[in-house]
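See below for the structure under consideration.
It should be emphasised that the depicted structure is a prediction, and the values quoted were computed from it without experimental measurement.
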Amino acid sequence: MRTFYNLDPDYSTNPTEFYWFQQAFTPEEIDKIIADCSKVPTQKGTIAGDDGINTLDTIRKSTIRWVPQTDEFSWIYWRIADLVTEANSIWNFDLHSMPESIQYTEYFDNGGHYDWHQDIGPGELSIRKVSVTIQLSDSDEYEGGDLEFLRGATPEQAPRGKGVAVLFPSYLLHRVTPLTGGTRRSLVLWLGGSHYK
């Protein structure tokens with residue numbers, strides 16, 4: 001079921017809106033994704049330009065796995081590309097690249113979180129235009145761990161649930177609030193194009 005989530009009734013070409021799908025993947029597909037991604041090497045989640053300031057996990061605390069762009073995982077990349085094509089109707093970004101691999105992210109109940117940040121930055125991060133996050137865990141499998149946006153004075157919580165995909169411009173401030181129980185698993189990917197003009 002595809003559902004557009006909109007807070008602004010005048011959403012045509014809105015540069016601060018986000019788009020979401022109720023079920024980007026079926027429960028069976030999600031089980032396969034988790035099983036296949038568990039074979040990929042894990043590492044600590046870092047931040048762009050990390051020069052030791054995140055040593056105490058003050059900004060980000062998670063583990064990640066980079067899902068390779070191979071035949072085994074190509075169906076996931078194609079599915080996400082289709083979602084982005086539909087969602088981009090409200091931003092009309094010039095998108096023509098998927099230079100980075102999918103990030104399979106796990107937040108645990110030891111305070112896993114990712115504080116306020118944008119997905120754009122220096123170097124190759126400067127061409128990110130659309131960020132995609134797909135939740136692989138049911139809402140009742142973890143406590144806390146909300147994806148939130150800051151588009152004004154008050155944080156806005158994005159929809160959550162197994163299979164929910166949230167797509168948004170990469171320059172939007174967002175965070176994952178600290179987990180107080182369970183494990184939150186998700187897929188994250190960025191699509192880009194030419195530099196902003």
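- Using a 4.5 Å heavy-atom threshold, the side chains of I120 and S126 count as separate.
- Taking each heavy atom of G193 and S97 in turn, the nearest pair found is N-OG, 3.8 Å.
- For the pair W190 and S131, the tightest heavy-atom approach, listed with the atom from each and the gap, is CD1-OG, 3.3 Å.
- Considering all non-hydrogen atoms of both residues, S101 and P68 come closest at OG-CA, 4.4 Å.
- For the residue pair T105 and Q103, a side-chain donor N or O sits within less than 3.5 Å of a side-chain acceptor on the partner.
- More than 12 heavy atoms of other shown residues, nucleotides or ligands fall within 6.0 angstrom of atom CG in D140.
- Across Q135 and Y142, no two heavy atoms sit closer than the pair OE1-OH, 2.9 Å.
- When L136, T133, V132, I30 are each tested for a side chain to side chain contact (heavy atoms under 4.5 Å, CB included) with L187, only one passes: L136.
- Partner of P155 under the side chain to side chain contact (heavy atoms under 4.5 Å, CB included) criterion, chosen from L173, L150, T177: L150.
- When all heavy atoms of E100 and L189 are compared, the pair lying nearest together is O-CD1, 3.4 Å.
- R60 and S62 are linked by a side-chain donor-acceptor pair at a separation below 3.5 angstrom, with hydrogens and angles left out of the test.
- Side chains of E86 and Y19 form a contact here, defined as non-hydrogen atoms less than 4.5 Å apart.
- Using a 4.0 Å cut-off between a side-chain N of Lys or Arg and a carboxylate O of Asp or Glu, R184 and E141 do not qualify as a salt bridge.
- Taken together through direct or relayed side-chain contacts under 4.5 Å among Ile, Leu, Val, Met, Phe, Trp and Tyr, L125 and W66 form parts of separate hydrophobic clusters.
- Clustering ILVMFWY residues whenever any of their side-chain heavy atoms sit less than 4.5 angstrom apart, transitively, puts I127 in a cluster other than the one holding I80.
- Under the 6.0 Å cut-off for aromatic ring centres, F168 and F149 qualify, their centroids lying closer than that.
- The shortest side-chain heavy-atom distance between Y114 and P178 does not fall under the 4.5 Å cut-off.
- In this structure, L191 and H96 have side chains that are not in contact, with every pair of non-hydrogen atoms separated by 4.5 Å or more.
- Put simply, the side chain of D119 reaches to within 4.5 Å of the side chain of H117, judged on heavy atoms.
- A centroid separation of less than 6.0 Å is found between the aromatic rings of F25 and W75.
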